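Accompanying notes for the structure given below.
Positions are given from 1 along the sequence. No experiment lies behind these values; they were computed from the predicted model shown.
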Amino acid sequence: MNLLDRIKKPLVIVNPNANEGRAEERWELVGYSLRRKGFDYDVEIPRTREETIEVVRKDRMHEAIFVFSGDGGVNAVSKGLMQNKYGKDKILVALPGGSANDIAEECGYGSLDNVCDKLIKGTEREMDGWRVNEEPFLGFASIGLGAAILEERNKRRFFRGKIAYVTGAVRALFRYNTPKSMNLKIDKEDVEKSVLIGVVSNIRFYADHMKIAPDAIYDDGQMDLCLMENLRTVFQSLPVVYNGTHIGNKGVHYVKTRKLKVYSPTPVQLEVDGDFIGKYDRFKFEHAGGIRVLVAKGNGR
């Protein structure tokens with residue numbers, strides 16, 4: 001039984017701020033293709049993250065929620081589903097409408113090529129949901145330099161796209177280039193590590209197709225933790241992080257875990273699914289249930 005037979009009319013959430021404001025226009029072409037294939041759907045275009053969460057939290061009518069956005073928009077929809085009384089009965093479909101679409105990529109929808117056929121032949125799976133300091137994430141969370149880059153990017157609103165990210169990275173490298181000695185409780189083991197950047201991932205991809213966690217499986221009940229000690233480690237890893245072979249580099253620590261607590265001597269930046277959250281000196285990562293997702297055929301993993 002394909003998607004059209006199972007779902008009468010999905011709700012499509014379009015993030016108008018995604019892809020530097022181009023997502024709404026791009027969705028018109030995708031939506032036209034879907035209707036030609038026989039899809040009927042309702043559309044909501046919330047203007048803020050908070051509005052997105054509220055729309056999804058209150059939804060009672062739809063069996064599936066399509067989100068046309070980047071990772072941040074998918075995160076907002078997943079948070080709304082976690083707060084929805086009927087959320088466990090709904091299916092999340094992540095379509096690539098943003099600048100970075102790592103969750104959509106993991107689900108097999110990294111490209112819009114033949115997207116209608118991919119949806120029709122899609123397979124339903126349950127993806128682990130996680131939370132850090134009560135903030136949910138489906139894809140990844142990072143502390144340290146990666147989140148600092150986002151913080152710096154957000155401060156410079158007059159830059160857009162890749163330029164904004166590059167300028168944010170340059171500023172962050174000058175301001176936040178000193179690693180911190182952190183205490184980590186990985187399951188039941190206590191360790192001390194020098195950390196410049198730490199990524200806790202439920203999926204393989206991070207920061208626009210970096211294969212930061214090549215062994216991640218989104219439904220195995222485990223997080224994949226990747227730590228990089230210092231700038232030298234980061235720069236040595238950059239050429240190979242896109243194929244996942246960085247985990248063999250000196251200064252890279254990689255482990256799977258079900259529970260994780262991190263204590264930093266001073267507050268450091270936190271991001272979840274590509275959105276900057278704030279600064280904390282303590283982080284508690286834990287399982288937050290599961291969310292039904294549609295994955296493209298061959299991406300069941």
Side-chain angles (χ1 to χ4, degrees), residues 1-19 21-99 101-127 129 138 218 273 290-300:
M1 184 181 293
N2 66 42
L3 183 71
L4 287 176
D5 295 326
R6 288 184 288 137
I7 299 171
K8 294 179 180 178
K9 180 185 283 189
L11 172 64
V12 177
I13 302 288
V14 179
N15 179 2
N17 304 309
N19 199 5
R22 293 186 288 266
E24 191 171 353
E25 182 178 345
R26 290 185 68 203
W27 166 252
E28 292 180 4
L29 297 175
V30 179
Y32 176 73
S33 297
L34 290 178
R35 289 199 188 278
R36 288 193 63 187
K37 284 284 186 177
F39 280 85
D40 190 17
Y41 54 83
D42 295 322
V43 181
E44 291 276 358
I45 307 178
R47 297 293 162 179
T48 65
R49 171 180 171 80
E50 292 72 23
E51 188 180 343
T52 298
I53 295 170
E54 192 67 5
V55 167
V56 177
R57 184 185 71 82
K58 290 182 175 180
D59 184 74
R60 299 291 183 269
M61 295 173 51
H62 302 90
E63 297 177 62
I65 310 289
F66 287 29
V67 52
F68 191 73
S69 178
D71 294 318
V74 178
N75 178 279
V77 170
S78 68
K79 186 170 185 176
L81 285 173
M82 290 178 186
Q83 296 176 1
N84 188 315
K85 180 180 179 181
Y86 306 99
K88 290 185 179 295
D89 299 324
K90 298 179 183 293
I91 300 173
L92 171 65
V93 183
L95 297 177
S99 301
N101 305 288
D102 293 314
I103 299 172
E105 177 75 27
E106 186 67 54
C107 292
Y109 303 109
S111 166
L112 290 172
D113 294 340
N114 302 315
V115 67
C116 296
D117 292 334
K118 290 178 183 178
L119 290 171
I120 291 171
K121 298 175 183 177
T123 303
E124 185 184 324
R125 298 294 294 267
E126 182 167 280
M127 178 178 280
L138 273 187
Y218 57 70
D273 290 337
I291 288 181
R292 295 165 67 195
V293 297
L294 192 77
V295 299
K297 187 176 181 180
N299 270 60

**OP:** Give the C-alpha distance, both sets of side-chain angles, the deciding distance and a yes or no for side-chain contact (heavy atoms from CB on, under 4.5 Å) between Tyr109 and Asn101.
**Re:** CA-CA 9 Å; Tyr109 303 109; Asn101 305 288; over 6 Å; no
Original post:
Does the side chain of Leu112 come within less than 4.5 Å of Phe68's, by heavy atoms?
Top reply: yes
Subject >> Within-4.5 Å side-chain heavy-atom neighbours: Leu11 and Glu44 >> reply: yes
Subject >> Separation between NZ of Lys121 and SG of Cys116, rounded to the nearest 0.5 Å >> reply: 12.0 Å
Original post:
Which heavy atom in Pro10 sits nearest to a heavy atom in His62, and how many Å separate them?
Top reply: C-CD2, 3.7 Å
Original post:
Does the side chain of Asn75 reach to within under 4.5 Å of the side chain of Ile103, using non-hydrogen atoms?
Top reply: no
Subject >> Pairwise side-chain contact, Asp273 with Leu138, heavy-atom cut-off 4.5 Å (strictly under) >> reply: yes
Subject >> Nearest heavy atoms of Lys118 and Ser111, plus distance in Å >> reply: NZ-O, 3.5 Å
**OP:** Start with the C-alpha gap between Asn15 and Val67, add the side-chain angles, then the distance that decides, and say whether side-chain contact (heavy atoms from CB on, under 4.5 Å) holds.
**Re:** CA-CA 8 Å; Asn15 179 2; Val67 52; 5.9 Å; no
**OP:** Answer yes or no: are there more than 12 heavy-atom neighbours, outside Arg36 itself, under 6.0 Å from its atom CZ?
**Re:** no
**OP:** Any chance you could measure Leu294, atom CG, to Thr123, atom OG1, to the nearest 0.5 Å?
**Re:** 7.0 Å
Original post:
Is there a side-chain contact between Leu34 and Trp27, using heavy atoms and a 4.5 Å cut-off?
Top reply: yes
**OP:** Considering only NZ, NE, NH1 and NH2 on the basic side and carboxylate oxygens on the acidic side, decide whether Lys37 and Asp117 come within less than 4.0 Å.
**Re:** yes
Original post:
Nearest 0.5 Å, what's the CD-CD1 distance between Glu51 and Ile53?
Top reply: 11.0 Å
Original post:
Which heavy atom of Pro96 sits nearest a heavy atom of Ala104, and at what distance?
Top reply: N-CB, 4.0 Å
**OP:** To the nearest 0.5 Å, tell me how far Glu63 CD sits from Asp89 CG.
**Re:** 9.5 Å
**OP:** Could you tell me whether Arg57 and Glu54 make a salt bridge, using a distance below 4.0 angstrom between a side-chain N and a carboxylate O?
**Re:** yes
Original post:
Which distance, rounded to the nearest 0.5 Å, do you find between the CD1 of Ile65 and the OG of Ser78?
Top reply: 12.0 Å
Subject >> Considering all heavy atoms, the nearest Ala18-Gly70 contact >> reply: CB-N, 4.1 Å
**OP:** Report yes if the side chains of Asp40 and Arg35 come closer than 4.5 Å at any heavy-atom pair, otherwise no.
**Re:** yes
Subject >> Heavy-atom donor-acceptor pair, Asn84 side chain to Asp59 backbone, under 3.5 Å >> reply: yes
Subject >> pair Val56-Lys90: side-chain heavy atoms closer than 4.5 Å >> reply: no
Subject >> Taking every non-hydrogen atom, the tightest pair across Gly108 and Ala296 >> reply: O-CB, 3.7 Å
Original post:
Going by atom types only, do Arg49 and Asn17 share a side-chain donor-acceptor pair under 3.5 Å?
Top reply: no
**OP:** Look up atom NZ in Lys88 and atom CE in Met82, then write down how far apart they are to the nearest 0.5 Å.
**Re:** 8.5 Å
Original post:
Looking only at atom types and distance, does a side-chain atom of Tyr218 sit under 3.5 Å from a main-chain N or O of Cys107, one as donor and one as acceptor?
Top reply: no
Subject >> Validation row: Ser69, Ile13 side chains within 4.5 angstrom (heavy atoms) >> reply: no
**OP:** Heavy atoms only: give me the nearest Pro16-Glu24 pair and the separation to one decimal.
**Re:** CB-OE1, 3.6 Å
